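Read through the structure below, which is laid out as structure tokens, and then see the notes.
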Amino acid sequence: MHKSLEDTHGRKASYMRVSVTDRCNMHCTYCAGEGCDFIPHSNILRYEEILDLIGMAVDFGVEKIRFTGGEPFVRKGFADFMISAAARFPKVDLCVTTNATLIGDYVERLAQAGIRRVNISLDTLDPDKFTRITGHDLYSTVRANIDRCLDAGMNVKVNAVAMKGVNDNELPGFIKFATTHSVDMRFIEFMPVGLDTGWKDDTVWRAEDILAQARELTELIPVKGSEKQHGPARMFTISGGKGRIGLISPYTNHFCATCNRLRITSDGSLRTCLFSDKVYRLRPALRHPKLGLPTVERIIRVASKRKPMGYELLAHMPAGQGVCHTRMASIGG
Ligand code: SAM
């Protein structure tokens, strides 16, 4: 029998995102920011500590763990760690979010270890624009690694941050990509997370606009029960296509009422809402010789109860600022 983590709004946590590093090999304009300070190595959770937290989360009813970063594959030994986590928690749905620049050499081993689901971030299908957004000329590496994941039988979701003036002129290309590849091509509204990201209300390419524009280009068939199976994404099959299109609208149509997520930052803090900078530090208790996991468990329980409704924070966002100050590269998306 699980002890569940339920908040005052009746939401149960069943999905935990774990950032394994705050470092990234890309410097996306809207995500990483300039000149940021990285967390010293000694303050980053060790892999054994992460496994302990996952074990606790599983006892609390968490069924899905997503590793993220920074860029998870930047951290030494990450692929081996993920493989060992899959062996230790065979019933847990383990997945990873990556920019797919460094995953190439590990794809087959990860797939053999049962890691079948990977989310790949790709905001443009234009190689020059890719370099401008990320600061690195690695578009062809990412495309090759998407193919490699598909060839290994992985379920691939490609996530693009939907930004006006950046990629809103690329819908025909994205639809063609999802027609010819067995991927879920998902558009995530640009969120006001972090400072100096260039976010403004009119930089959000809204999900409803994407849907209307996409419907002018192709026939889209709604996937039934899509919310249950795909979390916040509204999914559509493309008539005659191999892949699907998905829309995620955290800004214009929030899904706070059904939020089942908790986030662990790479320095071992619990963040209960993407839009709130409130964190609960777990690392000191985790590393304390006398406190350890029982205290961590108590902190997680109290913190989860207090999980806010993110849309209320959005509604009170100060003009011209992000809803929270922490940059997405530190939170992990
Ligand atoms: N490095 C990995 C990657 O590229 O997927 C994992 C970390 S990255 C922070 C996770 C996701 O957050 C990426 O898909 C990124 O595009 C997305 N992201 C960053 N800032 C965002 C924002 N302001 N709004 C929406 N998504 C954002």
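Counting convention: from 1, in listed order, for ligands and their atoms alike. All of these numbers come straight from a predicted model, not from anything done at the bench.
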Between side-chain atoms of residues 207-219 and protein atoms elsewhere (two or more places apart, or another chain), which donor-acceptor pairs fall under 3.5 Å?
residue	atom	partner	partner atom	Å
E208	OE2	R234	NH1	3.4
E208	OE2	R234	NH2	2.7

Legend entry - Pairs where residues 110-122 contributes a residue and the test side-chain hydrogen bond (donor to acceptor under 3.5 Å, both in side chains) is met, not counting sequence neighbours: D93-R117
Inset, instruction - Would you mind telling me which of T141, N25, N145 makes a side-chain hydrogen bond (donor to acceptor under 3.5 Å, both in side chains) with N99? - result: N25
Legend entry - Donor-acceptor side-chain pairing of T124 and N167 below 3.5 angstrom: no
May I have every N or O pair linking ligand 1 to the protein at under 3.5 Å, one per line with atom names and distance?
residue	atom	partner	partner atom	Å
ligand 1	1 (N)	G70	O	2.8
ligand 1	1 (N)	E71	OE1	3.1
ligand 1	4 (O)	S121	OG	3.3
ligand 1	5 (O)	S121	OG	2.5
ligand 1	14 (O)	S121	OG	2.7
ligand 1	16 (O)	Y30	OH	2.9
ligand 1	23 (N)	M191	O	2.9
ligand 1	24 (N)	M191	N	2.9

Inset, instruction - Answer yes or no: is there an ion pair linking D201 with K164, defined by an N-O contact shorter than 4.0 Å? - result: no
With a 3.5 Å cut-off and sequence neighbours excluded, list the donor-acceptor pairs that the side chains of residues 288-298 form with protein atoms.
residue	atom	partner	partner atom	Å
H288	ND1	K290	N	3.0
H288	ND1	L291	N	3.2
E297	OE2	K3	NZ	3.0

